[in-house]
Amino acid sequence: MRPIRPGFIVFAFSLAVALRGQSLVPVVTQPLPAQALSPGGAAVTIDVRNYITVPGVVGTQFAKFDTVFGRFSVELRNDVAPRHVANFLGYAQRGDYGNSFIHREASFDNTTVSIVQGGGYRLPFPVQPIPRQAAVALEYNLPNARGTLAAARSSNVDSATSEWFFNVRDNSTILNQGNGGGYTVFGRVLGTGMSVVDAMAALPRFNATNGDPTSPFGELPLRNYTTGNPTEANLVVVNSVTPATLFPTGGGTSVIDLSVQNSAPAVVSTVLSGSTLTITPVSSGVANITVRAVDTNNNSAESTFAVSVAATAPVYTAQPISLTAAAGSTVVFNAPATGAATYRWERDGAVIAGATSATLVVNSAGATDAGTYRSFATNSIGSAVSDSATLAIVGTDPVNVGRLVNLSILTNAGAGSKVLTMGAFVGPIEATGGLPLVIRAVGPTLQPLFNVSGVLPDPEMNLFPAGAAVPLETNDNWGGSAIFANAFRSVAAFELPPNSLDAAIVRPAPGVSPGGYTIQVTGKGESNGTVIAEIYDASGDTRTATSPRLINLSTRALIDANTDLAVGFVLGGATSRTVLVRGVGPSLTAFGLTGVMVDPRLELFNNSTGARIASNDDWAGSLDIAAAAASVGAFPLSGGASKDAVLLITLPPGPYSARISGVGGGGGIAIVEVYEVR
């Protein structure tokens, strides 16, 4: 079974060019972050795949070839040729390719070798055909570019069984659909593995048919051969073909092998299980940890980071603040301390049972929860005590309970991948009436008003109801409307020149109904630049106890490397409000997104003072955060080991900003969300 030798058909395959241009070797996408641990404290787990990867790999199944010329790995494209991948893996799992050999090397133009073919016959002498399973129907979706693995067949397009071939040259214009329907590509060689295949292709070929016109050995590659009958030592033997994973899973074969070196085992212990590195503090000091990834052909990437174990008692990095909350609301105190192994909280001098983390959550706060709170952080060296913070519980008219009233995003946005997306949920669903809104995308006015350069010259904006393909309203230039200008003043938004090219949408009373909404900001044509996008609750004095409000605000953007995304929000009302603020990157892959920010860092600032009041790098699977996310309907994050960043915090009324950036300067797609927590 072999490709039919065809004539040339001219056809451009841009994908073939892309395949040739990818190196497909392990690289460090961003350095592993330094860790600060505490004596006697909890271990830290790191998923190495978040920092070292093989760019360009899209398949989820792999195979390793072990031959007399060396080893190499193949990515199997089950996304475009699932039947052929399953068929190939079936032969491999049964061991059918063990001790087989390359039985054909063909040239399609009588010059250099075009393909190297195997999977048909195995040793010992006399050689026997590999038992054929049921044939597989054609799945021609990818070109036969150099380095790809394809299924051999007869003139029947649906006749592929055990045999396969590697394209040594770019055969995309030869083995395409014009050649009897084409030949199914179901994999490609990774890294520098083609050096092994090329070594096979460089061998001389011999006619070993002994005059039998039905023999498949008319183009048999042989090594170290002179005359006489070939022996097993002259054949290009494939010792094995083994199914594999890309990274280690704790068992089986993988394309990438991981190892770890620890400069100070007396300071921390390290255990590598699959692709998960666990670091456990032992004693005070500093250890340098190196994680190294090596592929099948010894291409490698490594990252070294420092792990420090505190030599002093814990030190508080943030203090709990005094709060006034409405009865029945959720209240959160935060008091993180570096070097803390354990925490406890007290109210009015009495230990609070179960309060053993840096965060204290008081659900449905009532009069009995009022009092003075303190945190105690301890490690094996000593203890520290936080400042005291008071909690006052008041019975407040629902109109004056703290709530989200504004979200603003300052970032670089525009056309294509730089489209800025904002989300808002008006609720609760049972609320009556509507919520007036003011929405703006300001670019040109930023330059004269705030001396911002590189602005988005002509922003455009669309407002969509959740799930709708047709916008509810669109705007290019706001046009200087007096109604719009008065609406801007009513929410204390800065003035826009009447003839500016900034965009705005005003939905006066009755406003919009409860539900979800999406706002997209783009640049006219192919333009991009700095823009501030804003959404305001414009209900003002018309609010009632049953009026809807903004209960969730979010934005998704592509953040460039070594930059950050600033998201401002304002809490109105007369009482403190608990909010869940999330910077999500890695968990977005569950929605099919690629190019996400692999390790976001989230910082929260008080805009009135400029002080940073809280920060988080990895959310670490906090049960309090998971419970709060579930209570507000936020999508779940992909496990406690995900590198997403989250803050659960209670804040007094006022302006705040959340800034998200990549650890180590990494960029990518990220979402910032602010949820009201009851």
Exercise for the section: Tell me, with the steps shown, if Val426 and Leu550 meet side-chain contact (heavy atoms from CB on, under 4.5 Å). Expected result: CA-CA 5 Å; Val426 175; Leu550 294 170; 4.1 Å; yes
Problem - Thr29 side chain to Tyr51 backbone, donor-acceptor under 3.5 Å - result: yes
Problem - Test item: Lys643 side-chain N/O and Pro600 main-chain N/O as donor-acceptor pair under 3.5 Å - result: no
Completion exercise
Sequence neighbours excluded, the answer for salt bridge (charged side-chain N to carboxylate O under 4.0 Å, His left out) partners of Asp560 is Lys418
Exercise for the section: Any chance you could measure Leu407, atom CG, to Ile535, atom CD1, to the nearest 0.5 Å? Expected result: 7.5 Å
Practice task
Just jot down the salt bridge (charged side-chain N to carboxylate O under 4.0 Å, His left out) partners of Arg678, sequence neighbours excluded, or say none.
Solution key: none
Handout entry: Donor-acceptor contact below 3.5 Å, side chain Asp502 vs main chain Gly443
Key = yes
Handout entry: Side chain Asn606, main chain Ser608, donor-acceptor under 3.5 Å
Key = yes
Problem - Expected output: side-chain Thr53 to main-chain Pro55 donor-acceptor under 3.5 Å - result: no
Would you be so kind as to tabulate the donor-acceptor pairs closer than 3.5 Å made by side chains of residues 578-593, with sequence neighbours excluded?
unit_1: Thr578; atom_1: OG1; unit_2: Thr330; atom_2: O; d: 2.4
unit_1: Thr578; atom_1: OG1; unit_2: Thr650; atom_2: OG1; d: 2.5
unit_1: Arg582; atom_1: NE; unit_2: Glu673; atom_2: OE1; d: 2.8
unit_1: Arg582; atom_1: NH1; unit_2: Phe635; atom_2: O; d: 3.0
unit_1: Arg582; atom_1: NH2; unit_2: Phe635; atom_2: O; d: 3.1
unit_1: Arg582; atom_1: NH2; unit_2: Glu673; atom_2: OE1; d: 3.0
unit_1: Ser587; atom_1: OG; unit_2: Ser638; atom_2: N; d: 2.8
unit_1: Ser587; atom_1: OG; unit_2: Ser638; atom_2: OG; d: 2.9
unit_1: Ser587; atom_1: OG; unit_2: Asp644; atom_2: OD2; d: 2.6
unit_1: Thr589; atom_1: OG1; unit_2: Pro586; atom_2: O; d: 2.9

Practice task
Quick one: do Leu142 and Tyr140 satisfy side-chain contact (heavy atoms from CB on, under 4.5 Å)? Show the steps, please.
Solution key: CA-CA 6 Å; Leu142 295 176; Tyr140 180 82; over 6 Å; no
Exercise for the section: Mind checking the CG-CZ spacing from Leu258 to Arg292? Nearest 0.5 Å is all I need. Expected result: 11.0 Å
Problem - Under 3.5 Å donor-acceptor, Asn616 side chain and Val646 backbone - result: yes
Handout entry: Test: Glu534 and Arg440 ion pair at under 4.0 Å
Key = yes
Practice task
Can you see which heavy atom on Arg549 is nearest to which on Pro428, and at what distance?
Solution key: NH1-CD, 3.4 Å
Practice task
State whether a side-chain donor-acceptor pair under 3.5 Å links Asn607 with Ser657.
Solution key: yes
Exercise for the section: Report, as yes or no, whether the 6.0 Å neighbourhood of atom CZ on Arg556 holds more than 12 heavy atoms from other residues, nucleotides or ligands. Expected result: no
Practice task
Look up atom CG in Leu190 and atom CG in Asp295, then write down how far apart they are to the nearest 0.5 Å.
Solution key: 8.0 Å
Practice task
Indicate whether the side chain of Thr474 and that of Asn462 have a donor and an acceptor atom separated by less than 3.5 Å.
Solution key: no
Handout entry: Arg49 atom CZ, neighbour heavy-atom count above 12 within 6.0 Å
Key = no
Practice task
Find out whether Pro26 and Asn299 are in side-chain contact, i.e. whether some heavy atom of one side chain is under 4.5 Å from a heavy atom of the other.
Solution key: yes
Handout entry: Validation row: Asp599, Asp618 side chains within 4.5 angstrom (heavy atoms)
Key = yes
Problem - Charged N-O contact under 4.0 Å between Asp617 and Arg601 - result: no
Practice task
For Asn297 and Thr192, work out which heavy atoms get closest and say how close.
Solution key: CB-OG1, 3.3 Å
Exercise for the section: Calculate, to the nearest 0.5 Å, the distance between atoms CG and OG1 belonging to Asp170 and Thr148 respectively. Expected result: 8.5 Å
Exercise for the section: Determine whether Val57 and Phe62 make a side-chain contact, defined as any pair of heavy atoms from C-beta on separated by less than 4.5 Å. Expected result: yes
Handout entry: Closest non-hydrogen atom pair between Lys64 and Ser73, with its separation
Key = CG-OG, 3.4 Å
Handout entry: Worked check of side-chain contact (heavy atoms from CB on, under 4.5 Å) between Thr555 and Leu565
Key = CA-CA 10 Å; Thr555 184; Leu565 174 66; 4.0 Å; yes
Practice task
Taking Glu75 for its side chain and Gly59 for its backbone only, find out whether a donor-acceptor pair lies under 3.5 Å.
Solution key: yes
Handout entry: Any donor-acceptor pair under 3.5 Å from Ser357 side chain to Thr359 backbone
Key = yes
Handout entry: Closest approach of Pro33 to Val663 (non-hydrogen atoms, all atoms of both residues)
Key = CB-CG1, 4.0 Å
Practice task
For residues Val291 and Ser303, determine if any side-chain heavy atom of one lies less than 4.5 Å from a side-chain heavy atom of the other.
Solution key: no
Handout entry: Donor-acceptor contact present, side-chain Glu139 to main-chain Arg83, <3.5 Å
Key = yes
Practice task
State, to 0.1 Å, how close Phe72 and Gly193 come at their nearest heavy-atom pair, and which atoms those are.
Solution key: CB-CA, 3.6 Å
Handout entry: Residue pair Gln35 / Ile46, side-chain heavy-atom distance below 4.5 Å
Key = yes
Exercise for the section: Answer yes or no: is there a side-chain heavy-atom contact under 4.5 Å between Val567 and Ile660? Expected result: no
Exercise for the section: Test side-chain hydrogen bond (donor to acceptor under 3.5 Å, both in side chains) on Ser622 and Asp624 and set out the steps. Expected result: CA-CA 5 Å; Ser622 164; Asp624 289 328; 4.8 Å; no
Practice task
Look up atom CG in Asp47 and atom OG in Ser275, then write down how far apart they are to the nearest 0.5 Å.
Solution key: 4.5 Å
Exercise for the section: Not counting sequence neighbours, which residues clear salt bridge (charged side-chain N to carboxylate O under 4.0 Å, His left out) with Asp79? List them please. Expected result: Arg77
Practice task
Quick one: closest heavy-atom pair of Leu571 and Pro652, and the distance?
Solution key: CD1-O, 3.9 Å
Exercise for the section: Check step by step if side-chain contact (heavy atoms from CB on, under 4.5 Å) holds for Leu89 and Asn78. Expected result: CA-CA 11 Å; Leu89 289 175; Asn78 50 299; over 6 Å; no
Exercise for the section: Establish, from distance only, whether the side-chain atoms of Ser527 and Asp458 form a donor-acceptor pair under 3.5 Å. Expected result: no
Practice task
Sequence neighbours left out, what pairs pass ring pair (Phe, Tyr, Trp, His ring centres under 6.0 Å) with at least one residue falling in residues 654-678?
Solution key: Phe569-Tyr656
Practice task
Say whether Asp537 and Ser539, considering side chains only, have a donor N or O and an acceptor N or O under 3.5 Å apart.
Solution key: yes
Quick one: side chains of residues 511-521, donor-acceptor pairs under 3.5 Å with protein atoms, not counting sequence neighbours, listed by atom name and distance.
unit_1: Tyr517; atom_1: OH; unit_2: Ser513; atom_2: N; d: 3.3
unit_1: Tyr517; atom_1: OH; unit_2: Ser513; atom_2: O; d: 2.7

Exercise for the section: Find out whether Pro243 and Thr253 are in side-chain contact, i.e. whether some heavy atom of one side chain is under 4.5 Å from a heavy atom of the other. Expected result: no
Exercise for the section: Taking Asn334 for its side chain and Leu648 for its backbone only, find out whether a donor-acceptor pair lies under 3.5 Å. Expected result: yes
Handout entry: pair Trp619-Ser642: side-chain heavy atoms closer than 4.5 Å
Key = yes
Handout entry: Interatomic spacing from CG in Leu404 to CG in Asn552 - rounded to 0.5 Å
Key = 8.5 Å
